[in-house]
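Notes to accompany the following structure.
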Amino acid sequence: MRFYTQSFLYDDPWSIVSLAYLLRYPNPCSTHILSCDVISREVTPSGSLRTTRLILKTGSLPRWAPKGMISRAESWVLEESEVDPLGKVMKCTTKNLDHVKVMRVEEHVHIRQTEEGRTLQTTEAMFLSGFGWGLTKKIENYGLAKFKANLQRSREGFSIILNLIRQSRMQPMTLGGSSSFLASHCTIAGPEAKASAHHEVPANTESREDAAPAPSGRGGAWSRWKSWLRSG
């Protein structure tokens, strides 16, 4: 069994970061996500929002993997989240539903507002293989390495969504306008759009490196989003 922990401190308020996390799919950096569907949603008596989503992902096996190790490259992932708007805390757990004998991956994300008004995101991941045949540790190490390698791309995709939400809040709402979230960003451009900022903070991580700032301006998030939409 292998574990990984990492924390990020965002300059944005909790309301924006938590919303961006729920809206992170689709984005130009998440081409491995084939579908994301809400299967249940409810408001608890305490006022928290509970959501269960089913996500279909695709991936690839390492060259050393035995033939027939898994029947298909896709994997179903269950995501369960709870958003507490009063306490300004969001908790999210994801785990794969298939290929669990080869490797079970469970990820816990905790997003909360700090006393300074910023947002702290803590991510914990666990990798457990029951495959045997002398490959257990090798599979777990591969899963951990793959997870760490995908972190930067995940940050870039999340930063695009975060920046779009921040830009949308700079626009006045008008009656009778377009209801499309993406369409509302067609006129956003210019250096006045502030770039989102987030910083990695020590939290028993195995690697500590600053995340790249999110793009801003005419050549930033919205331009990349439009290019991605055209390519699709």
Side-chain angles (χ1 to χ4, degrees), residues 8 14-61 70-85 89-112 119 121-128 143 146-147 149-168 178-185 221-222 224-232:
F8 273 86
W14 174 86
S15 59
I16 293 181
V17 176
S18 57
L19 177 60
Y21 192 82
L22 288 175
L23 298 177
R24 68 191 187 279
Y25 301 136
N27 69 72
C29 301
S30 65
T31 54
H32 64 294
I33 302 296
L34 302 180
S35 64
C36 182
D37 300 289
V38 176
I39 59 177
S40 70
R41 178 167 283 162
E42 64 174 350
V43 178
T44 67
S46 62
S48 295
L49 177 66
R50 288 179 180 170
T51 304
T52 301
R53 299 196 294 187
L54 194 60
I55 302 172
L56 181 60
K57 298 184 177 182
T58 186
S60 59
L61 290 175
I70 61 175
S71 57
R72 56 191 178 87
E74 292 83 12
S75 177
W76 289 103
V77 175
L78 185 69
E79 178 191 87
E80 298 173 303
S81 64
E82 182 171 350
V83 181
D84 177 8
V89 173
M90 176 181 177
K91 299 178 181 178
C92 183
T93 299
T94 58
K95 56 185 177 182
N96 60 309
L97 299 178
D98 43 12
H99 313 316
V100 291
K101 184 176 181 181
V102 176
M103 183 167 60
R104 183 162 62 94
V105 180
E106 191 167 312
E107 181 181 1
H108 299 271
V109 175
H110 187 268
I111 301 174
R112 66 174 180 86
T119 305
Q121 175 183 329
T122 302
T123 301
E124 298 178 344
M126 182 271 295
F127 309 87
L128 176 63
K146 190 77 172 179
F147 184 85
N150 289 337
L151 278 179
Q152 181 60 38
R153 190 163 181 83
S154 298
R155 296 172 195 167
E156 293 175 357
F158 184 78
S159 293
I160 292 175
I161 303 299
L162 189 60
N163 198 41
L164 286 172
I165 294 176
R166 295 180 72 260
Q167 291 180 18
S168 71
S178 172
S179 61
S180 170
F181 175 76
L182 292 179
S184 67
H185 291 80
W222 176 234
R224 295 176 60 186
W225 189 282
K226 288 193 296 184
S227 299
W228 175 68
L229 289 176
R230 292 194 189 101
S231 66

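None of the values given here were measured: they were computed from a predicted structure. Heavy atoms only: backbone and side chains are in, while hydrogens, waters and symmetry mates are out.
Looking only at side-chain heavy atoms (C-beta outward), Cys92 and Arg53 stay at 4.5 Å or farther from each other. Using a 4.5 Å cut-off on side-chain heavy atoms (C-beta onward), Ile111 and Phe8 make no contact. Between Thr51 and Val83, the closest side-chain pair of non-hydrogen atoms is not below 4.5 Å.
Remark: Glu80 CD to Ser40 OG distance equals 8.0 Å, nearest 0.5 Å. Taking CG of Leu22 as the start and CG of Leu49 as the end, the distance is 7.5 Å to the nearest 0.5 Å. In this structure, Glu107 CD and Lys95 NZ are separated by 13.5 Å, a value rounded to the nearest 0.5 Å. Here OH of Tyr25 is found 7.5 Å from CD of Glu79. Values are rounded to the nearest 0.5 Å. In this structure, OG on Ser75 lies 5.0 Å from NE2 on His99, to the nearest 0.5 angstrom. For the atom pair SG (Cys36) and NZ (Lys57), the distance works out to 9.5 Å, reported to the nearest 0.5 Å.
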Set out, in order, the CA-CA distance, both residues' side-chain angles and the distance that settles side chain to side chain contact (heavy atoms under 4.5 Å, CB included) for Leu19 and Ile165, then state yes or no. CA-CA 8 Å; Leu19 177 60; Ile165 294 176; 3.9 Å; yes

Side chain to side chain contact (heavy atoms under 4.5 Å, CB included) between Leu23 and Leu164, intermediate numbers included: CA-CA 11 Å; Leu23 298 177; Leu164 286 172; over 6 Å; no

Side chain to side chain contact (heavy atoms under 4.5 Å, CB included) between Glu74 and Ser35, worked out: CA-CA 11 Å; Glu74 292 83 12; Ser35 64; over 6 Å; no

Carefully, step by step, assess Ile39 and Leu78 under the rule side chain to side chain contact (heavy atoms under 4.5 Å, CB included). CA-CA 10 Å; Ile39 59 177; Leu78 185 69; 4.2 Å; yes

His108/Thr93 under side-chain hydrogen bond (donor to acceptor under 3.5 Å, both in side chains): CA gap, chis, key distance, verdict: CA-CA 5 Å; His108 299 271; Thr93 299; 3.1 Å; yes

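Residues Met126 and Leu128 share a closest heavy-atom pair of SD-CB, 3.6 Å. The heavy-atom pair separating Lys146 from Ser60 by the smallest distance is NZ-OG, 4.2 Å. Taking each heavy atom of Arg153 and Pro28 in turn, the nearest pair found is NH2-O, 3.8 Å. Of all heavy-atom pairs spanning Cys29 and Gly157, the tightest one is SG-N, 3.7 Å. The shortest non-hydrogen separation linking Ala20 to Leu162 is CB-CD1, 3.8 Å. Contact between Phe147 and Ala125 at its shortest, heavy atoms only, is CZ-CB, 3.9 Å.
Side-chain N or O atoms of Arg50 include none that pairs as donor or acceptor with a backbone N or O of Glu42 at under 3.5 Å. Judged by distance alone, with hydrogens and angles left aside, the side-chain atoms of Asp84 form no donor-acceptor pair with the main-chain N or O of Val89 at under 3.5 Å. Side chain of Arg24 to main chain of Ser154: no donor-acceptor pair is present (N/O by atom type, distance under 3.5 Å, no hydrogens or angles). Asp98 contributes a side-chain N or O that, together with a main-chain N or O of Trp76, makes up a donor-acceptor pair within less than 3.5 Å.
Residues forming a salt bridge (charged side-chain N to carboxylate O under 4.0 Å, His left out) with Glu106 (at least two apart in sequence, or on another chain): Arg104.
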